[in-house]
2 protein chains.
Amino acid sequence: MTTAWPSHSFKTPCERCPLRANPSFREFNSEELDFVSKFKKGELTVDPGATILVEGAHSAHLFTVLSGWGFRYKALEDGRRQILNYVMPGDLVGLQGTIAGEMQHSVEALSPVSLCVFERDKLMTLYNKHASLAFDITWIAAQEERILDEHLLSIGRRTALERAAYLIAFLFERGKALKLFNSHASIPITQQHVADTLGLSIVHTNKTLKKLANRNLIRWQERTCEVLDGDGLMAAAGWEGPGKKVRPFI
Amino acid sequence: MTTAWPSHSFKTPCERCPLRANPSFREFNSEELDFVSKFKKGELTVDPGATILVEGAHSAHLFTVLSGWGFRYKALEDGRRQILNYVMPGDLVGLQGTIAGEMQHSVEALSPVSLCVFERDKLMTLYNKHASLAFDITWIAAQEERILDEHLLSIGRRTALERAAYLIAFLFERGKALKLFNSHASIPITQQHVADTLGLSIVHTNKTLKKLANRNLIRWQERTCEVLDGDGLMAAAGWEGPGKKVRPFI
DNA sequence: CGGTTCGTTGAGGAGCCTCAACGTGAGTGG
DNA sequence: CCACTCACGTTGAGGCTCCTCAACGAACCG
């Protein structure tokens, strides 16, 4: 009962960063820790449904997700929306704004999300002074690329049922690695999010999810998806799961 | 028997790198040029249809495409294949092998392709000694991510006709920026490649491409796609085109 | 308590799929 | 030199997947 960190705290010191407690993240040495502490400008907390970044914006900031769930998406002019990926603790958000000048996608919160805020201007200093952290940022970008590759394979070549199973298994595995679940594994998404991720209509998504529920793989309750059988989902998707590896974060 | 390369690895000096002639690539300063020259181990040339990298392989090398066209793809166990993106001059190939330990996708040549070969081991030196080049690598990775975002939007939310128009417009714009075309803009792909990129069957792809041809946007000839009206394709796709920017390469 | 979001279900139709067949051109071997 | 094969593009037929339209119940909220 002691370690629930206060929601009103402005700045969690990096030395006591809650992400560090998770062994799936790599350790910092003291020098790195020192730099990141100075690199961090503050914290930001947003409500479910809030937009963290919008397509076209020139943000001066870069974020790391401390807690909560969100998603990245793009939309066509007529409103058709595609969810590209989900953002979860440890993920770096807004790097594209640094590279392309402006954001090419939007980011929205699914649950309450808290983020570390970094100043974009200092990024070059990071590259100049801390090669290991620079490498970590490349690592994170390449990892995101790898995930997008898998999503592309899924949307392009899997059936609706396989796609749905893959998506939920993917989110389940990520959440598990981040220790986001207690006894119940609940993913805070609506069926509309699933539809917009899989490139399906909401009606067909509903019918597809029903099939997964009938197989006792998932249960849909109170605007969340509860995973009953992660291995069953992976089997239904024909997906091996992500490799287990220690990952960096900033 | 001095080299394992399929063809003679004569070496173009980096100072006279043909990519440098193109103003859309950023300039190196002499120090950077010096390092890259030493970083470069040799050259590799492969024939059309040849596999440059295979999923699962642990390659000790990293490549930059000097000339030619290729593509990255993933496949499901039953053979369904998804083309993820195309590789063209200036593109970095094999970075994922450095990050994830092994390649998560395969790369195949569409035309004769020549590549610069770099030693993966020296990558950390690049990060330690040349922050600007390290930043460039991150830039390239983030740019690839941006393109995958667009492809995902396309496959997920565009109709078959829009998707086809987008793909060809995309390849056309990239080729144009790289000055790969003379009077005729010919893209060296088959309809099977288009199908595997768009997530469609070959039959439906053929009928869709016919529609684009009937609108005088493209012409299919001798296993290549000739672009007649790039702006018309972009309009048909509802795509703005890529921003014009100077890009780095290694 | 009316409005809104979310999940659910049915009906009918469009888009895309598979199967099947065929023409062409390039290569290959008898 | 010609029959053969193979890769590629093309076309038709029929059917399944997924779509849109429409309606409704439940939970939540101002």
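Worth saying up front: this structure is predicted, and the values here are computed from it rather than measured. Lettering of chains follows the sequences in order, A, B, ..., and the numbering in each one begins at 1.
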*Would B:His61 and B:Phe118 count as a close aromatic pair, with their ring centres under 6.0 Å?*
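No, the ring of B:His61 stays outside the 6.0 Å limit from the ring of B:Phe118, centre to centre.
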
*asked:* Tell me which residues in residues 75-87 of chain A lie within less than 4.0 Å of DNA chain C, going by non-hydrogen atoms.
replied: none

*Where along residues 199-222 of chain A does a heavy atom fall under 4.0 Å from DNA chain C?*
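Correct list: A:Val203, A:Asn206, A:Lys207, A:Lys210, A:Trp220.
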
*Just say parallel, tilted or perpendicular for the rings of A:Phe181 and A:Phe172, cut-offs at 30° and 60°.*
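Ring orientation, 0 to 90° scale: parallel.
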
Which atom pairs, donor and acceptor, lie under 3.5 Å between side-chain atoms of residues 234-244 of chain A and protein residues at least two apart or in another chain?
| from | atom 1 | to | atom 2 | distance (Å) |
| --- | --- | --- | --- | --- |
| A:Trp239 | NE1 | A:Glu150 | OE1 | 3.0 |

*Which residue lies toward the 5' end of DNA chain C, A:Thr224 or A:Arg157, if each is placed at its nearest nucleotide?*
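The 5'-side residue here is A:Thr224.
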
*Hey, is the side chain of B:Gln191 poking within less than 4.0 Å of OP1 or OP2 on D:dT10, counting only N and O atoms?*
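It does, given that an N or O in the side chain of B:Gln191 lies less than 4.0 Å from OP1 or OP2 of D:dT10.
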
Do [X] and [Y] have side-chain heavy atoms sitting under 4.5 Å apart?
| X | Y | value |
| --- | --- | --- |
| A:His105 | A:Tyr73 | no |
| A:Thr12 | A:Pro18 | yes |
| A:Leu167 | A:Ser154 | no |

*How many Å lie between CG on B:Leu198 and C1' on C:dG15, as a whole number?*
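Rounded to the whole Å, the gap is 15 Å.
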
*Let me know the distance between CZ of B:Arg223 and P of C:dA26, rounded to the nearest Å.*
7 Å

*Give a yes or no on this: more than 12 heavy atoms of other residues, nucleotides or ligands lie within 6.0 Å of atom CZ of A:Arg81.*
yes

_Pick the closest DNA chain D nucleotide for A:Arg158 and for B:Thr190 by heavy atoms, then say which residue is nearer the 5' end._
B:Thr190

*asked:* Under the criterion side-chain contact (heavy atoms from CB on, under 4.5 Å), I'd like the reasoning laid out for B:Leu148 against A:Glu144: C-alpha separation, chi angles, the key distance, then a yes or no.
replied: CA-CA 10 Å; B:Leu148 292 177; A:Glu144 178 74 11; over 6 Å; no

